[in-house]
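One structure is given below, encoded as structure tokens.
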Amino acid sequence: MDTTREIIILDFETTGLQPGSDRTIEVAATLLVDRRPVETFSQLMHPGRPLPGFITALTGITDHMLRGKPRPEQVMHELRRFMGARPIVAHNASFDRRFLLAELARAGLVADNEFLCTMRLARRLLPGLPSYRLSALVQSLDLQLPGASHFHRAVADVNHTVALWLRLHEAIEQHTGLTSPSVKVLTRLMRTSVGQTARYLATLALAS
DNA sequence: TGCCAGGCCCTCTTTAGGGCCTT
């Protein structure tokens, strides 16, 4: 699927950093059609163990909030249907990709969706910023959203990632004239070294 | 028992090391 006309913006909250031993506790996924949010899937999940104190402090999610919630492997079936084969966008996408594949595998599912990373794209399209963590980008690019100020909750982080995704499209259009870059172009851009980005964007501008 | 990721990115680099980013 080489078009970004329909795309999924994804974010997981988890019990830690290791997909092999940690579990997902919250997911949010927003379907964008022609860059407009159409539908959001979100769900808290019970990881089957008490939350580390650090995670409760980071996310605000408590054991009490997860009581009675479905296990991740139950939620993955619904998430898989919601995402379909659409490309997936996430901030530091390798993290969410590894957790998605691990939880899908526990549910007996697989996925081969393309992944696009707003952090890697931002480093190339918006160079010179002091930090590329999501909260810092939201602040430095003035992307704050009403009612979505709590970072490290899945829906809020997805909403901020949507805003960043749209801002990155503005930058691509400014540099190249492309209004709807393909997955292939965005993947190539992500894999271009930071130092070679200007050259690649110039190539795209000439071709468009 | 003790320890615990993975991958990108920069630079005082490439026979490497450390910081960043995700939770």
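Because the structure is predicted, anything quoted here is derived from the model rather than measured. Note on naming: letters A, B, ... go to the chains in the order of the sequence lines (proteins, then strands), and numbering restarts at 1 for each one.
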**Prompt:** Between the side chains of A:Thr24 and A:Glu103, does any donor sit under 3.5 Å from an acceptor?
**Reply:** yes

**Pairwise P distance, B:dC3 and B:dC21 [rounded to whole Å]** = 28 Å

**Request:** By nearest nucleotide on DNA chain B, pick out whichever of A:Pro130 and A:Met190 is the more 5' one.
**Result:** A:Met190

**Prompt:** Got a donor-acceptor contact below 3.5 angstrom from the A:Arg23 side chain to the A:Pro72 backbone?
**Reply:** no

**Fill in**
The salt bridge (Lys or Arg N to Asp or Glu O under 4.0 Å) partners of A:Arg71 (sequence neighbours excluded) come to none

**Message:** Work out how far the P atom of B:dG2 is from that of B:dG6, and round it to whole angstrom.
**Reply:** 23 Å

**Fill in**
In numerical order, the residues of residues 92-103 of chain A whose heavy atoms come under 4.0 Å of DNA chain B are A:Asn92, A:Phe95, A:Arg98

**Asked** Taking 5' to 3' order, which nucleotide of DNA chain B is first and which is last to have an atom within less than 4.0 Å of a heavy atom in chain A?
**Response** B:dA5 to B:dT23

**Message:** Work out how far the P atom of B:dC12 is from that of B:dG19, and round it to whole angstrom.
**Reply:** 15 Å

**Request:** For B:dC8 versus B:dT14, give the span between their C1' atoms, rounded off to a whole number of Å.
**Result:** 16 Å

**Message:** So for atom CZ, which belongs to A:Arg199, do other residues, nucleotides or ligands contribute more than 12 heavy atoms lying within a distance under 6.0 Å?
**Reply:** no

**Prompt:** Given side chains that start at C-beta, do those of A:Ile88 and A:Glu114 come closer than 4.5 Å, heavy atoms only?
**Reply:** no

**Prompt:** Which value, in whole Å, describes the distance between the P atoms of nucleotides B:dC4 and B:dG18?
**Reply:** 15 Å

**Request:** List in chain and number order the residues that pass side chain to side chain donor-acceptor pair (under 3.5 Å) with A:Arg97, two or more places apart in sequence or in another chain; answer none if no residue qualifies.
**Result:** none

**Message:** If you assign each of A:His152 and A:Val194 to its closest nucleotide in DNA chain B, which residue comes earlier from the 5' end?
**Reply:** A:Val194

**Prompt:** Are a donor atom and an acceptor atom from the side chains of A:Thr40 and A:Thr30 found within less than 3.5 Å of each other?
**Reply:** yes

**Prompt:** Any donor-acceptor pair under 3.5 Å linking the side chain of A:Asp157 with the backbone of A:His152?
**Reply:** yes

**Prompt:** Checking all strands, does A:Ile25 fall into the base, sugar-phosphate, or nothing category for heavy-atom contacts under 4.0 angstrom?
**Reply:** nothing

**Fill in**
Here the side chain to side chain donor-acceptor pair (under 3.5 Å) pairs for residues 134-146 of chain A, sequence neighbours left out, are none

**Request:** Indicate, with yes or no, if A:Met190 and A:Ile8 share a hydrophobic cluster defined by side-chain heavy-atom contacts under 4.5 Å among Ile, Leu, Val, Met, Phe, Trp and Tyr.
**Result:** no

**Prompt:** Counting any heavy atom closer than 4.0 Å, what does A:Arg23 reach on the DNA or RNA strands: base, sugar-phosphate only, or nothing?
**Reply:** nothing

**Asked** Hey, any chance A:Leu129 and A:Leu125 share a hydrophobic cluster, counting ILVMFWY side chains that come within less than 4.5 Å of each other, even indirectly?
**Response** yes

**Prompt:** Does any residue of residues 11-21 of chain A have a heavy atom under 4.0 Å from DNA chain B, and if so, which ones, in number order?
**Reply:** A:Asp11, A:Phe12, A:Glu13, A:Thr14, A:Gly16, A:Leu17, A:Gln18

**Prompt:** Which value, in whole Å, describes the distance between the C1' atoms of nucleotides B:dT23 and B:dG7?
**Reply:** 16 Å

